[in-house]
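I have placed the structure first, in the form of structure tokens, so that the comments after it can refer back to it.
Quick note on labels: first sequence line is chain A, next is B, and so on, each numbered from 1.
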Amino acid sequence: MKEPQGRARINTRGESATEEGKIESLRLQVPDLRREALELLLQIPKGKVTTYHALAVALGDEAAARAVGQIMAANDQPERFPCYKVVHSSGEVGAYSAPGGSAAKIAKLRAEGIEIQDGRIVGLHRYLFTDFKSSRPLEQLRALQEELSAAISLEPLPKEPKTVAGVDVAYGRGEGERERAVAGYALLDLAGRAVGFETVEREVAFPYIPTYLAFRELPILLELLERVRGVGKLADVVMVDGNGILHPRHAGIASHLGVLLDIPTIGITKSLLCGQVELAGLGVREVRYVLLSGERVGAAVRLSERAQPIFISPGNKIDLEGAIELTLPLASSSHRLPEPIRLAHELCSAAAQQGREGRREEGKQMALGL
DNA sequence: GCGACAG
DNA sequence: ATCTTGTCGC
């Protein structure tokens, strides 16, 4: 069996007490990015505008530009947080989710003396404000991921596990409601039989941003797994719908969960986040390694005949070979995903859909005055 | 229109 | 992830 490259490098970074403390703080609190983005709007002077990109940079990563757009679109206090001041980098005024739509957005901007023709600001540079004072939360979270990756162990499992669980998260929201998440836990024995289920539901404030998925799903997954652990049903290994070390900073959500709970975790995804692997002609159960700057961080595997490949990576307290060896026998012939993840997905997506329908009914009844 | 980074 | 009809194939 080959040694995974890079194990030594991952484990040799120093950890100070303060770094440990920062990582531990994730257990209790993740920044409210929605709130921070909205509050940045209060810094924009009258007669000025900013862009989705500039706000993302102020939050600490331009990759968050689309998430900024989603946050603005979900702004339920347009009087308090002036999201009409956010436009495309091209000068295009863009959409406005508050009453009146883009026409209202244009009217509000013109009222502040901004020149607009054909839905586009004329001479954006004259009005552009980018000098935000910000703690740059995404920059801090990246640093946290770097530190967390140093705490990952990629040693093989100490002994054969007796149980494996899968976890997944589904989302939903009603009209004018904040986004809610349902997390599902499916506990299986090594024969692949389900022996227990659990779900947890709560509001989410952190948007999806590529490479920051952990901060969106960690709060609810920690709550779920702490609850399961409390009743003695925590599996020997937990499979997560997301990456382990197959991540630009070796810090996918499976690694976050594994380090924070000090348990073995495996990451499973349906698409490749980063790295290189040749997928052409991949046979069923054939293993091809994903390379990230020369390092083996994961593997592409097809679990069934017709299925597209999935991507497996160790999260914590397991090596890549062990992660693959544990995943293969938990595949069913007719599904793309291994059973623990598939069942967890079924569980939480059904619950989320029921939640959506339930709130829709409530909404109808409210509208009917019942 | 192109390119497009897990869920 | 979610929004979504029918359709093709094992």
Side-chain angles (χ1 to χ4, degrees), chain A residues 30 33 52-53 56 61-67 69-71 73-74 89-90 92 138 141-142 145 166-175 177-184 201 203-221 224 239-257 265-277 284 290 292-293 297-300 302 304-315 332-337 341-342 344-357 359-360:
Chain A
V30 153
L33 208 71
Y52 299 99
H53 176 265
D61 195 332
E62 64 176 5
R66 288 195 287 291
Q70 286 161 12
I71 291 168
S89 300
S90 64
E92 192 104 15
L138 293 176
L141 292 178
R142 281 200 302 282
Q145 289 181 327
V167 294
D168 187 26
V169 183
Y171 297 89
R173 93 170 89 200
E175 286 296 312
E177 279 180 49
R178 290 205 174 148
E179 191 173 28
R180 299 190 65 78
V182 181
E201 181 173 355
E203 225 174 64
V204 284
F206 201 99
Y208 171 71
I209 306 169
T211 78
Y212 299 85
L213 173 64
F215 304 111
R216 176 166 169 80
E217 300 193 340
L218 212 41
I220 191 169
L221 287 178
L224 177 70
M239 278 188 188
V240 185
D241 200 338
N243 286 306
I245 63 169
L246 204 178
H247 182 279
R249 296 174 285 282
H250 300 284
I253 184 165
S255 294
H256 282 74
L257 274 178
T265 56
I266 297 172
I268 305 281
T269 64
K270 296 188 292 297
S271 63
L272 189 62
L273 172 63
C274 59
Q276 298 287 320
V277 59
V284 173
V290 178
L292 186 60
S293 48
V297 293
R302 276 174 57 209
S304 76
E305 195 58 53
R306 302 189 310 274
Q308 289 294 112
I310 60 166
F311 303 90
I312 304 170
S313 60
S332 92
S333 58
S334 51
H335 297 286
R336 182 181 185 187
L337 291 166
I341 291 291
R342 192 181 70 78
H345 184 270
E346 221 168 57
L347 183 64
C348 64
S349 62
Q353 181 159 357
Q354 288 212 331
R356 283 192 291 272
E357 282 165 5
R359 282 192 301 280
R360 198 172 303 144

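Within the 4.0 angstrom heavy-atom criterion, only backbone atoms of the sugar-phosphate kind lie near A:Ser271; the bases stay farther away. Nucleic acid contact class of A:Asn243 (heavy atoms, under 4.0 Å, all strands): base. Using a 4.0 Å heavy-atom criterion, one finds that A:Ala63 contacts no nucleic acid atom at all. Here A:Ile209 lies out of heavy-atom contact (under 4.0 Å) with every strand. Within the nucleic acid shown, A:Phe206 has no heavy atom closer than 4.0 Å to any nucleic acid atom.
Under the stacking criterion of a centre-to-centre distance below 5.5 angstrom and an interplanar angle below 30°, A:Tyr208 sits stacked against the six-membered ring of B:dG7.
A donor-acceptor contact shorter than 3.5 Å links the side chain of A:Thr265 to the backbone of A:Ala254. Between the A:Arg178 side chain and the A:Val204 main chain, no donor and acceptor come within less than 3.5 Å of each other.
B:dA6 atom P lies 14 Å from atom CG of A:Asp61, rounded to whole Å. When rounded to the nearest whole Å, the span between CZ of A:Phe311 and P of B:dC5 equals 13 Å. Atoms CZ (A:Arg173) and P (B:dG7) sit 20 Å apart, rounded to a whole Å. The distance between atom CD of A:Gln353 and atom P of C:dC3, rounded to the nearest whole Å, is 8 Å. Atom pair A:Glu62:CD and B:dC5:P shows a separation of 13 Å (rounding to whole Å applied). Separating the CZ atom of A:Phe215 from the P atom of B:dG7 is a distance of 17 Å, rounded to the nearest angstrom. When the C1' atom of B:dG7 is taken as reference, atom CG of A:Leu221 falls 11 Å away, rounded to whole Å. If you take NZ of A:Lys270 and P of B:dC5, they are 17 Å apart, rounded to a whole angstrom.
Looking at every heavy atom in both residues, A:Ile341 comes nearest to A:Asp241 through CD1-N, 3.6 Å. Annotation for A:Leu221 and A:Ala183: closest pair CD2-CB, 4.0 Å, computed over non-hydrogen atoms.
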**OP:** Verify side chain to side chain donor-acceptor pair (under 3.5 Å) between A:Tyr212 and A:Arg142, making sure each step is shown before the conclusion.
**Re:** CA-CA 8 Å; A:Tyr212 299 85; A:Arg142 281 200 302 282; 2.8 Å; yes
